[in-house]
2 protein chains.
Amino acid sequence: MAVTERATETQSAYLLVRRAILAGELLPGQRLVEKELSERFGVGRAAIRTALARLEQEGLVESEPFRGARVRTIGEAEAVEILEARAALEALAAHHAAQKATPEQVEALWAIHRQMEERHRGGDLLGMSELNSLLHRTLVEISGHQTAARLIEGLRAQGVRHQFHTILVPGRPQQSLEEHRRIIAAVAAHQPEEAEAAMKAHLGGVIAALKRIGRSTL
Amino acid sequence: MAVTERATETQSAYLLVRRAILAGELLPGQRLVEKELSERFGVGRAAIRTALARLEQEGLVESEPFRGARVRTIGEAEAVEILEARAALEALAAHHAAQKATPEQVEALWAIHRQMEERHRGGDLLGMSELNSLLHRTLVEISGHQTAARLIEGLRAQGVRHQFHTILVPGRPQQSLEEHRRIIAAVAAHQPEEAEAAMKAHLGGVIAALKRIGRSTL
DNA sequence: ATCGCACGGATTGTTGACAATGTGGTTGAC
DNA sequence: GTCAACCACATTGTCAACAATCCGTGCGAT
């Protein structure tokens, strides 16, 4: 990815607000007052304005006329929906990846997986979570399916908060490693159907973990 | 859909430009000069500006800094990608619909299907195409899966131009009717897996038709 | 003739001010 | 004490002017 050489203010406003939401600096339900954001990020109100419009289209923000915007709150039911949609699209991507992956790309996937095992042994759950994202992103990239990539990226952004918690379910990291292994093996063996099924099973596991959390925190 | 009682200008600008693109009044590749659109639709430039930002996020428009926006051109390869993504998501929707559909909703689907057969006998291909859209939309609505619904709507908008042509392939309408019948039957019988498979097969058929067109117009 | 380069028109990006709208608190009647 | 109408404030929506940038054109040098 090239350097952001000369970003127009509107673009940086979009990226800044987006990052702040994803990083949790702007919490769900929180009001997004244009003037506040404008001062906080040092960009004009117009820039903030179009950034919010784009973020609303993306589903990260909701707004009503004359009443302003706020960070969209995503409940458990919707988090499940998001994961289901991701499962469908990432399964498609896995299918394509299994058809196109070169030996180098497969090796890159295994490398990430080995790092995950390492972090797991070290008890570094946060590191595992980041590598998990990287693994999925790499797989999508290998697939070359730009349409799926765009949609998945949007869904991932919406689900960040929930997705992170699933790894805390007892036994989940181990299971996740196993599921990933199956996906990578299918991609390496150029078996699209198996890769697709493995990806669905994997995200099905994540959904199950998410629902388990929901039951425990009732 | 409720009445657009007191639309803020920005909202109407978005809807107006979007409709113009989908209706083909603004052609792919065409430059979208803000001042022109502003005068044409009788709204301020600011409104056009945020409308274009939203449409870009939606994938209907592409723009470069200081160089303006244009209607995004979607080639055959991307049209296939779009249909593949739709297949994955609508299969998910069909799965849910098969679990939830009430007898009344199933009857509504059959009613649409009967109308399609009628149009087919009358040789009204355009009418068939519209009913086809309605059928898919109804199925998504029945599924109650709002996340999938949102994504599918965006994909449908991007694919309009190509999707329309597929019905012109010889024998395609007949085949389409048969595929639809299988989908509805599965939903009626509350067989999620079969409904999912039937939907994938159906959109697979559309993809095949699209590729057939591509070969013939080389 | 070709290439580099500056200039001018067209268009977008940004700014500030103003109008329209929602919100919350206050007042007054009953 | 309760309720409705009103009023000031905060915030968003809209507008017009200005600055920044791109693109084509013509000029001059080689």
Side-chain angles (χ1 to χ4, degrees), chain A residues 1-21 25-73, chain B residues 1-21 25-73:
Chain A
M1 209 62 73
V3 201
T4 316
E5 305 210 16
R6 185 177 26 112
T8 177
E9 199 176 295
T10 302
Q11 286 178 329
S12 23
Y14 168 71
L15 293 175
L16 286 167
V17 178
R18 188 174 199 270
R19 190 188 310 171
I21 293 176
E25 297 166 22
L26 299 171
L27 296 171
Q30 182 171 343
R31 285 196 61 188
L32 299 173
V33 180
E34 295 175 1
K35 193 181 167 195
E36 274 181 27
L37 298 178
S38 167
E39 291 168 359
R40 170 170 180 171
F41 295 115
V43 297
R45 192 162 78 93
I48 293 292
R49 185 153 247 285
T50 73
L52 291 178
R54 288 174 69 173
L55 289 167
E56 182 180 8
Q57 197 69 28
E58 197 173 346
L60 259 62
V61 156
E62 63 186 350
S63 74
E64 289 174 279
F66 295 106
R67 298 202 35 194
R70 51 187 61 226
V71 182
R72 211 154 79 86
T73 303
Chain B
M1 210 61 73
V3 202
T4 316
E5 303 211 18
R6 186 178 26 110
T8 176
E9 200 176 293
T10 302
Q11 286 177 329
S12 23
Y14 168 71
L15 294 176
L16 285 167
V17 177
R18 188 174 197 271
R19 189 189 310 170
I21 292 175
E25 297 166 24
L26 299 171
L27 296 171
Q30 182 171 344
R31 284 197 63 188
L32 299 173
V33 179
E34 295 175 1
K35 194 182 168 195
E36 274 181 26
L37 297 178
S38 168
E39 290 168 0
R40 171 170 181 172
F41 295 115
V43 298
R45 193 161 78 95
I48 293 292
R49 186 153 246 285
T50 73
L52 290 178
R54 287 174 70 174
L55 289 168
E56 182 179 8
Q57 197 70 25
E58 198 174 346
L60 260 61
V61 157
E62 62 186 351
S63 73
E64 289 175 279
F66 295 106
R67 300 203 34 195
R70 50 186 63 225
V71 181
R72 212 155 79 86
T73 302

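Hydrogens, waters and symmetry mates play no part in the numbers below; they use all other heavy atoms, side chains included. Every chain is numbered from 1 and lettered A, B, ... according to where its sequence line falls, protein lines coming before strand lines. Because the structure is a prediction, the values reported are computed rather than measured.
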Under the salt bridge (Lys or Arg N to Asp or Glu O under 4.0 Å) test, residues paired with Arg72(B) that sit two or more places apart: Glu78(B)
- prompt: Residues in side-chain contact (heavy atoms from CB on, under 4.5 Å) with Arg31(A), at least two apart?
  reply: Val33(A), Arg70(A)
- line: Residues passing the side-chain contact (heavy atoms from CB on, under 4.5 Å) test with Thr50(B), sequence neighbours excluded, are Thr50(A), Thr10(B)
statement: Residue pairs passing the side-chain hydrogen bond (donor to acceptor under 3.5 Å, both in side chains) test with at least one member in residues 58-69 of chain A, sequence neighbours excluded, are Tyr14(A)-Glu58(A), Arg18(A)-Glu58(A), Glu56(A)-Ser63(A), Glu58(A)-Gln57(B)
statement: Atom OH of Tyr14(A) and atom C1' of dG13(C) are separated, to the nearest Å, by 19 Å
Please report, to 0.1 Å, the donor-acceptor pairs under 3.5 Å made by any side chain of residues 35-43 of chain A, with sequence neighbours excluded.
unit_1	atom_1	unit_2	atom_2	d
Ser38(A)	OG	Val43(A)	O	2.6
Arg40(A)	NH2	Glu25(A)	OE1	3.4

message: For a quick check, with a 4.0 angstrom heavy-atom cut-off, what is the B/S/- contact string for nucleotides 9-14 of chain D, read 5' to 3'?
response: --SBBB
query: How long is the line joining CD1 of Ile48(B) and P of dT11(C), in whole Å?
result: 15 Å
